[in-house]
Amino acid sequence: MAPEFSVVIPTFGRPEFLAAAIDSVLAQTVTDFEVVVVDDASPQAAVLPPDSRVRLVRRATNGGPPAARNSGIDAAQGRYVAFLDDDDVWTPDRLALARAGHDRAPVAICWQATLGDSTTPPHGRRLDGNVGDVVLDGMTPHLGATSIERERAPRFDERYGSCEDVDWWLRVAQTLPVTTTPQVGLRYRYHGGPRERTGMRARVDDAQTLLREHRDWFRAHPHAEAFRLERLGLSALRVNDRGLALRSFARSLRLRPDARTAWHALRALAPRRAQVDA
């Protein structure tokens, strides 16, 4: 019989993080699942624990996170697909939260917290029902906090090295209702290790592609465009492209005046030594 959940974990060359991610799935209170680890052509094949619910899909060529997740969706057999990055972990009740959500909608999300940081409060958005007009007004839900009916899950656009989750969420929210269980199911890991294909320059380029390719949708949703332009400006600042940053902040302010965005625009005008990360 097919499992209730297929957990897709893309990975590339991070065995110590991968082991913790898999362990957090094996510790779930809901046990009707399979784990599909997609090794995105790592130099050395991923090593899996001896559990029949865990299986490996090894890609012949490296395609980045979108391609790896697509390979996982293709291999999945469960009723629902849930995503987990190889450097993050779940709380033991993560799939129980998803199960409760799927009683209400085909797309279910929960909240997240920073791994090892008890001072930062949990965070996440409250999205319920048909959210296609507001889904990009703020940060899209983390994929590690997301599950979806497998047969209705769209593929990720493999042209993106980053922002693929934003593009995916935009397409999902146009056709499927969403529900939120406002409890922490994902613990997100901050670390200084490599993030394959998701460097800041790639984020700048992909953010511009996203705005260009969904131009008509953004023109009809100015709050979402303003938010994405502010995010683009922040990324541009981090690669010291202050011209692009200033243009992005200015366009954002024309669409939605905001004191924080105005402050970032002033940072773009300041000497580089005076800038600090947002």
Side-chain angles (χ1 to χ4, degrees), residues 64-66 85 112 114 117 120-121 123-127 131-146 156-174 188-278:
D85 289 348
Q112 66 194 67
T114 304
D117 182 359
T120 303
H123 56 284
R125 293 177 67 188
R126 192 71 185 257
L127 296 172
V131 298
D133 287 334
V134 300
V135 66
L136 298 195
D137 284 0
M139 297 295 291
T140 53
H142 196 293
L143 289 175
T146 303
F156 291 86
D157 190 331
E158 297 182 12
R159 295 173 301 164
Y160 289 98
S162 62
C163 291
E164 80 280 359
D165 54 337
V166 181
D167 169 80
W168 185 87
W169 260 111
L170 177 57
R171 290 182 284 118
V172 165
Q174 304 313 304
Y188 181 89
R189 186 193 304 270
Y190 284 102
H191 62 87
R195 295 181 181 273
E196 195 70 14
R197 298 174 181 249
T198 58
M200 196 55 63
R201 186 71 250 179
R203 295 183 189 184
V204 170
D205 294 341
D206 284 350
Q208 293 178 92
T209 299
L210 181 83
L211 285 163
R212 182 174 60 253
E213 295 199 341
H214 296 288
R215 181 183 293 111
D216 291 343
W217 186 89
F218 278 114
R219 284 178 176 172
H221 298 84
H223 280 199
E225 185 174 11
F227 179 78
R228 297 315 310 178
L229 284 166
E230 181 189 25
R231 299 295 300 175
L232 171 59
L234 290 171
S235 295
L237 271 184
R238 292 189 176 99
V239 297
N240 200 35
D241 190 340
R242 288 191 282 175
L244 175 60
L246 188 57
R247 293 192 300 274
S248 301
F249 293 139
R251 288 174 58 197
S252 179
L253 285 168
R254 285 196 295 270
L255 292 166
R256 184 176 62 179
D258 179 84
R260 179 178 173 85
T261 307
W263 166 245
H264 291 317
L266 292 175
R267 291 175 57 217
L269 291 168
R272 184 179 181 185
R273 64 178 179 273
Q275 294 182 21
V276 296
D277 285 341

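For reference, positions follow the sequence shown, starting with 1.
Considering only heavy atoms from C-beta on, Asp133 stays 4.5 Å or farther from His223 through its side chain. Side-chain contact check for Val204 versus Gln208: some heavy-atom pair is nearer than 4.5 Å.
When the ring-ring contact (aromatic ring centres under 6.0 Å, His included) test is applied to Trp169, no partner is found at least two apart in sequence or on another chain. Residues passing the side chain to side chain donor-acceptor pair (under 3.5 Å) test with Asp167, sequence neighbours excluded: Arg171, His214. With sequence neighbours excluded, the residues that form a ring-ring contact (aromatic ring centres under 6.0 Å, His included) with Trp217 are His221. For Thr114, there are no side chain to side chain donor-acceptor pair (under 3.5 Å) partners two or more places apart in sequence or in a different chain. Partners of Gln174 according to the side chain to side chain donor-acceptor pair (under 3.5 Å) rule, which considers only residues two or more places apart in sequence or in another chain, do not exist here.
We find the CG-CG distance between Leu170 and Leu210 to be 7.0 Å, quoted to the nearest 0.5 Å. Put simply, CZ on Arg203 and CG on Asp205 are 12.5 Å apart, with the number rounded to the nearest 0.5 Å. Between the CD atom of Gln112 and the OG1 atom of Thr120 there is a distance of 11.5 Å, given to the nearest 0.5 Å. Leu266 contributes atom CG, which lies 9.5 Å from atom CG of Leu246 (distance to the nearest 0.5 angstrom). Rounded to the nearest 0.5 Å, atoms CZ (Phe218) and CZ (Phe227) are 10.5 Å apart. The CZ atom of Arg228 sits 6.0 Å away from the SG atom of Cys163 when rounded to the nearest 0.5 Å.
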Output side-chain donor-acceptor pairs under 3.5 Å for residues 135-144, partner residues at least two apart or in another chain, one line each.
unit_1	atom_1	unit_2	atom_2	d
Asp137	OD1	Ala224	N	3.3
His142	ND1	Gly144	N	2.8

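What you find for Val134 and Arg125 is that their closest heavy atoms are O-NH2, 2.9 Å. Minimum heavy-atom separation, Ala236 to Ala245: CB-N, 3.7 Å. Of all the heavy atoms in Leu244 and Leu232, the pair that sits closest is CD2-CD1, 4.3 Å.
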Item to check | Verdict with reasoning, Arg126 to Val131, per side-chain contact (heavy atoms from CB on, under 4.5 Å) | outcome: CA-CA 10 Å; Arg126 192 71 185 257; Val131 298; over 6 Å; no
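Applying the salt bridge (charged side-chain N to carboxylate O under 4.0 Å, His left out) test between Glu225 and each of Arg212, Arg219, Arg251, Arg254 identifies Arg251 as the sole match.
With hydrogens and angles disregarded, a donor-acceptor distance shorter than 3.5 Å links the side chain of Arg242 to the backbone of Ala270. Remark: the backbone N or O of Tyr160 is not paired with any side-chain donor or acceptor of Asp206 at under 3.5 angstrom.
Summarising the local packing, CZ of Arg231 is surrounded by 12 or fewer heavy atoms from other residues, nucleotides or ligands at distances under 6.0 Å.
Under a 4.0 Å N-O distance rule, the pair Arg159/Asp157 qualifies as a salt bridge.
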